[in-house]
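Counting from 1, the numbers follow the sequence of the chain as shown. Remember, predicted model here, so these are calculated numbers, not experimental data.
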Amino acid sequence: MVVQLSRDEARRIAVRAQLLSAERPTSIVETLYGLTVVNIEPTAAIMPSADHILWSRLGWPYQPADLKQAVEVDRDVFEWGGFYRLMSDLPLLRHEMAQRPAYAEAREWLAANAVFRAEVMERLRSEGPLHAADVPDTAQVSWRSSGWTNNRNSSQMLEILVTTGDVAVSRRDAKGRLFDLAERVYPSDLADVSFDAAARERTERRLAAFGIARAKGIKQPFEPVDVGTIGEAAVVDGVEGEWRVDAAALASIDSFTPRTALISPFDRLVFDRDRLLDLFDYEYLLEMYKPAAKRRWGYFALPILHSDRFVGKLDAKADRKAGVLNVHAVHEDLPFSAEVAAAVDGEIRELARWLGLEVKGLAVQ
């Protein structure tokens, strides 16, 4: 049996699943459980992505110090594969860690540097936690890449050993990540989960976090988006193809309560551009990597969510030295009604107040 959904219903399922309805979560742990992962991207035109994603869900109760406490002191949260995750989810990743590195080139490099690997582990054991710069490069074979990682042997070894679960990120400071032995960061009392059970739970949680998803989605290196045959088969009016929808989301489809939110460009609600077009009819691209003359919406434009629709983009930048949030433009995909304009203006001012800044620049008309 295939569920028939309107586009409105599909959007509300997606927004509510991502904890962006008026029913806000109450803690970092609750938020992470619902989202499964929170992206780590330090670019801070407004604020780092993890802080933005958590603030957009929790609102004023959230402070960056809370995340630091959860990661470094309480150890409720850890980072792996470019995301913050619940420590209680670590057993679900053990099987994937055991299969890392994923690529033959990295496996061969690791094997060729067995002595270097042992020296890095011993250095961490005796002196950790350490920054990558504090780990001497004694590699037998240098890492080759056309990118910035070329010949960065210490950092590359640490990156690979984090993926295999031998090393973990202990904390961050102004210089970046500090690495330590995983046994000193990860708890030893988490129960083992079988491969099949872990794979199924990860897929079920992923679909619950999306609400509605394609059986196969865009390929991701550490956090897949495929949901397979989990959930209920569904079709969406005016959209080609079949979807999978979370059964709990279907059961609460009529309880959507809207609000307005300014979304991080790295938010999971907007990262799949095809899904964004299919469900929200919304075009978006992060333009920070484009030459200024070719940008349509700005260096770090934030998607603007109002109720179950994306209504525009906010081109703004935080100038902490001057104490202002510079609003360069509010791009309206369609002309804002008075209600939408007031809601968006209010959310911009809330963001500025949370950042401890004054709004400067264009006001929403």
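Other residues, nucleotides and ligands contribute over 12 non-hydrogen atoms within 6.0 Å of the NZ atom of Lys290. More than 12 heavy atoms of other residues, nucleotides or ligands shown are found within 6.0 angstrom of CG on Asp173.
Look at Glu159 and Arg177 and you find a salt bridge, because one of the NZ, NE, NH1 or NH2 atoms lies within 4.0 Å of a carboxylate O, short of that distance. Using a 4.0 Å cut-off between charged side-chain N and carboxylate O, Arg214 and Asp278 make a salt bridge. Salt-bridge formation is detected for the pair Arg202/Glu223: a Lys NZ or Arg NE/NH1/NH2 atom is positioned less than 4.0 Å from an Asp or Glu carboxylate oxygen. Under the 4.0 Å criterion applied to side-chain N and carboxylate O atoms, Lys360 and Asp319 are not assigned as salt-bridge partners. Ion pairing between a basic and an acidic side chain is recognised when a charged N comes within 4.0 Å of a carboxylate O; Glu9 and Arg12 show no such pairing. Between Glu119 and Arg123, no side-chain nitrogen of the basic residue sits less than 4.0 Å from a carboxylate oxygen of the acidic one, so the salt-bridge criterion is not met. Classification of Asp196 and Arg200 as a salt-bridged pair fails, no side-chain N sitting under 4.0 Å from a carboxylate O. Look at Asp89 and Arg205 and you find a salt bridge, because one of the NZ, NE, NH1 or NH2 atoms lies within 4.0 Å of a carboxylate O, short of that distance. Lys313 has no carboxylate O lying under 4.0 Å from a charged side-chain N of Glu287, or vice versa, which leaves the two without a salt bridge.
The closest donor-acceptor contact from the side chain of Asn113 to the backbone of Gln140 lies under 3.5 Å. Looking only at distances, no side-chain donor or acceptor of Asn326 sits under 3.5 Å from a matching main-chain atom of Ala316. A side-chain donor-acceptor contact under 3.5 Å links Arg244 to the backbone of Thr229. Panel note: side chain Arg309, backbone Leu305; no donor-acceptor pair is recorded below 3.5 Å. Listed for the Asn153 side chain is a donor-acceptor partner under 3.5 Å among the backbone atoms of Trp143. Side-chain N or O atoms of Arg320 include none that pairs as donor or acceptor with a backbone N or O of Leu355 at under 3.5 Å. In this structure, Gln63 contributes its side chain and Ala65 its backbone to no donor-acceptor pair below 3.5 Å. Under the 3.5 Å distance criterion, the side-chain polar atoms of Asp272 are matched with a main-chain donor or acceptor of Asp274. With hydrogens and angles ignored, the 3.5 Å screen pairs a side-chain donor or acceptor of Arg24 with a backbone N or O of Arg57. Checking side-chain atoms of Gln18 against main-chain N and O of Ala209 turns up a donor-acceptor pair under 3.5 Å.
Taking the side chain as every heavy atom from C-beta outward, Ile13 and Asp246 never approach each other to under 4.5 Å. Under the 4.5 Å side-chain criterion, counting only non-hydrogen atoms from C-beta, Leu5 is in contact with Val3. Contact of the Arg117 side chain with the Leu110 side chain is registered, since non-hydrogen atoms from C-beta on lie closer than 4.5 Å. Side-chain contact between Leu302 and Pro265: present, with at least one pair of heavy atoms (C-beta onward) separated by less than 4.5 Å. Between Ile304 and Asp333, the closest side-chain pair of non-hydrogen atoms is not below 4.5 Å. In this structure the side chain of Asp315 never reaches within 4.5 angstrom of the side chain of Arg295, judged on heavy atoms. Between Met121 and Leu181, the closest side-chain pair of non-hydrogen atoms falls below 4.5 Å. Side-chain contact between Arg16 and Glu23 is present, with at least one heavy-atom pair separated by less than 4.5 Å.
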Inset, instruction - Go through Leu269 and Phe310 one step at a time and tell me if the side-chain contact (heavy atoms from CB on, under 4.5 Å) criterion holds. - result: CA-CA 11 Å; Leu269 186 60; Phe310 283 101; 3.6 Å; yes
Inset, instruction - Output, in order, the C-alpha distance, side-chain angles, deciding distance and verdict of side-chain contact (heavy atoms from CB on, under 4.5 Å) for Asp192 and Arg94. - result: CA-CA 8 Å; Asp192 290 334; Arg94 289 292 195 191; 5.8 Å; no
Legend entry - From CA spacing to verdict: side-chain hydrogen bond (donor to acceptor under 3.5 Å, both in side chains), Glu339, Ser337: CA-CA 5 Å; Glu339 175 193 358; Ser337 67; 4.8 Å; no
Legend entry - Worked check of side-chain contact (heavy atoms from CB on, under 4.5 Å) between Phe336 and His306: CA-CA 11 Å; Phe336 289 179; His306 178 75; over 6 Å; no
Legend entry - Steps toward salt bridge (charged side-chain N to carboxylate O under 4.0 Å, His left out) verdict (Arg125, Glu183): CA-CA 10 Å; Arg125 188 176 303 281; Glu183 64 199 52; 3.3 Å; yes
Legend entry - Derivation and outcome, side-chain hydrogen bond (donor to acceptor under 3.5 Å, both in side chains), residues Asp267 and His52: CA-CA 9 Å; Asp267 200 290; His52 192 153; over 6 Å; no
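Ile40 is connected to Leu286 through a chain of hydrophobic side-chain contacts under 4.5 Å among Ile, Leu, Val, Met, Phe, Trp and Tyr, so both are in one cluster. A continuous path of Ile, Leu, Val, Met, Phe, Trp and Tyr side chains, each step under 4.5 Å between heavy atoms, connects Phe222 with Phe179, placing both in one hydrophobic cluster. Residues Val167 and Ile160 are members of one and the same hydrophobic cluster, defined by side-chain heavy-atom contacts under 4.5 angstrom among Ile, Leu, Val, Met, Phe, Trp and Tyr. There is no path of hydrophobic side-chain contacts, each under 4.5 Å, that joins Val162 to Val77. Grouping the Ile, Leu, Val, Met, Phe, Trp and Tyr side chains by contacts below 4.5 angstrom, directly or via other members, places Leu314 with Val359.
The aromatic rings of His95 and Phe195 lie perpendicular to each other, with more than 60° between the two planes, well past the 30° mark. Ring geometry, Trp297 versus Tyr284: the interplanar angle falls under 30°, so the pair is classed parallel (tilted spans 30 to 60°). Taking the six-membered ring where the residue is Trp, Trp354 and Tyr62 present parallel rings, their angle staying beneath 30° rather than reaching 60°.
A side-chain donor-acceptor contact under 3.5 Å links Asp166 and Thr164.
Within the model, atoms NZ of Lys68 and CZ of Arg172 stand 10.5 Å from one another, a figure rounded to the nearest 0.5 Å. Here the CD1-CG distance, from Ile53 to Leu20, works out to 10.0 Å after rounding to the nearest 0.5 Å. The structure places CG of Leu277 at 10.0 Å from CZ of Arg273, a figure rounded to the nearest 0.5 Å. Considering CG of Asp137 and OG of Ser142, their distance stands at 6.5 Å, rounded to 0.5 Å. Rounding to the nearest 0.5 angstrom, the gap separating the CD atom in Gln99 from the CZ atom in Arg107 is 10.0 Å. Separation of atoms CG (Leu58) and CG (Asp51) is listed at 11.0 Å; rounding is to 0.5 Å.
Cation-pi geometry between Arg11 and Phe256 is not met: the NZ or CZ atom fails to fall both under 6.0 Å from the ring centre and inside 45° of the normal.
For Phe78 and Tyr186, the gap between ring centers is short of 6.0 Å.
Here the closest non-hydrogen pair linking Ile46 and Phe300 is CG1-CD2, 4.2 Å. When all heavy atoms of Thr31 and Pro25 are compared, the pair lying nearest together is OG1-CG, 3.3 Å. In plain terms, the two heavy atoms of Leu357 and Leu325 that are nearest each other are CB-N, 3.7 Å. Minimum interatomic distance between Ser154 and Ala132 (heavy atoms only, all atoms of both residues): CB-O, 3.8 Å. For the pair Gly231 and Leu207, the tightest heavy-atom approach, listed with the atom from each and the gap, is CA-CD2, 3.7 Å. Nearest approach of Tyr282 to Gly312, heavy atoms of both residues: OH-O, 2.8 Å.
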